[in-house]
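One-based numbering, in listed order, for ligands and for the atoms of each. Only this structure's heavy atoms are used, side chains among them; waters, hydrogens and symmetry mates stay out.
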Amino acid sequence: MQKNQLPHVQTKLFINGEWTTGKEGLKDVLNPATGEVVAQVAQGGELETKEAIQAAKNAFPKWRAKELSERVQILRKISQLLEEKADDLAKIMTLEQGKPLKEAKGEVLSGAATFLFAAEEARRLYGERIPAPNGHSYIVKKEPIGVVGAITPWNFPSGMATRKMAPALAAGNTLVLKPSSDTPLSAIAVFEIFEEAGLPKGVANLVMGDSKIIGGTLTASDDVRKLTFTGSTAVGQKLFEQSGETLKKISLELGGHAPFIVFEDADLESAADYLVAAKFRNNGQVCVSPNRIFVQKSIKEAFTKLVVEKVRALKVGNGLEDVDAGPLIRADAIDKILEQLEDAKKKGAKILLGGKRLTGAAYDNGFFFMPTVLDDVTQKMTIFYEETFGPVIPLITFETDDEAIRMANDCEFGLASYFFTKSVARVEEVSDQLEYGMVGVNEIAISNPETPFGGVKHSGFGRENGHYGLEEYIQVKFVNLNYGQA
Ligand code: NAP
């Protein structure tokens, strides 16, 4: 197979166990590294979404009643197949999304771990028995909710879908997924695995097409009892509002603008390594990407020097090659970064490195941007408040801990945060005060199958991963049994 050839993957909707073309034509999927058409994918609309909801509704009673060990077995098989096919799935992802192959493979393998964790956790959805008056039993049951609607973004086209589908299925729900139209192939590849693993027909359904129409149909349906969304805050707010009418249970994983605070007692070399690794993962197109780097004044010069050296060494290019960062997803992503940089420069910031679109034969047809370091960023600049979805490190100077915390919290988002220090007292104090759903202390790995992932404020609510992730897909039922009468 040629290096840039797409591994075999379906291009259709998957409804009630059938691959189907849909009535809304085809849509091109583009390779952001080359601008080439990777595939043409079938499109549906209201009709297909309604069919998918109906299929999920019909499949629900049997799936929820399925012997637990059989349900667990299917989920374990999905995990195993994701692992076995990780190389092909990674290549599909790199071709439609752009990230380096090794990152793409890591994402697929983390999906496999998520399915395995959900399979194990399905056995631990314990209910409760509460002390009751004589002759009575107070029983609390945990039940699946029913049909789940799931909408996912392009930046982790496989991981964001598996993170929702694994716990939803493990808890006994059925579902309809709508992936991003920029990157549908990675989600389709997961559905091929569902089929191979023997997931019964109708349990998981996949629709692609106009997002407003599909989102509107999912939110308007009383049969969809839960909506789970990962994406921008603006769309999350719309879906929240739309879901009000049918009073769905809802989880929203939205935008972030993570602070990364380096205190003067930190291990600077290690903090700089972690910063560059976290910032250039998926080329900065990550909701938990460090976006505002607060550095204590006494170490600012030394830390900046380290960061610039490390960023200068990064290799940018087609994700199929051995590179550290790929392209951005679309041309408008470059425009947004240029606007933020222009505004910052006008207000006194200095570009220490990068700051431009990459040009030349290897770059001209794709959406490549230079790894960028921006110094002297202040609260007057848009980049301080607006999520940067790209390869820019904005440096901000602070003097006291209070000042750092105040500036870090001066943001509408509250997803991930990071800080680096060797002081135990600081660890306790700062992690208490940061208004964020997740805090990495001398660490950037905050997303694991076992641990709760999610935000506060305009980053949304609900948690994914860990047992918290499964709880999002259950409802509690209380049974008061008067057994004296039974
Ligand atoms: P987006 O524009 O909000 O799109 C996300 C998904 O919503 C896509 O499937 C999109 O479909 C769909 N969509 C768009 N408009 C819709 C509407 N009116 N009704 C229903 N669905 C609609 O976000 P994105 O640009 O793909 O992703 C980047 C954002 O996601 C960033 O803000 C990032 O921080 C956030 N994110 C958050 C997390 C987290 O866990 N908190 C993780 C990853 C990303 P189409 O593509 O077909 O339009």
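- In this view, Trp63 satisfies the ring-ring contact (aromatic ring centres under 6.0 Å, His included) rule with no residue, not counting sequence neighbours.
- Phe368 is linked by a ring-ring contact (aromatic ring centres under 6.0 Å, His included) to Tyr363, counting only residues two or more places apart in sequence or in another chain.
- Phe115 and Phe194 have perpendicular rings, their planes meeting at more than 60° on a 0 to 90° scale where under 30° would count as parallel.
- Applying the salt bridge (charged side-chain N to carboxylate O under 4.0 Å, His left out) test to pairs two or more places apart or on separate chains, those with a residue in residues 88-100 are Lys99-Glu107.
- Counting only N and O atoms by type, the side chains of Lys248 and Thr246 include a donor and acceptor under 3.5 Å apart.
- Under a 3.5 Å cut-off, the side chain of Tyr473 and the backbone N or O of Met165 do not form any donor-acceptor pair.
- Contact shell of ligand 1 (protein heavy atoms, cutoff 4.0 Å): Ile151, Thr152, Pro153, Trp154, Asn155, Met160, Lys178, Pro179, Ser180, Ser181, Ser211, Lys212, Gly215, Phe229, Thr230, Gly231, Ser232, Val235, Leu239, Glu253, Leu254, Gly255, Gly256, Cys287, Glu387, Phe389, Leu415, Phe453.
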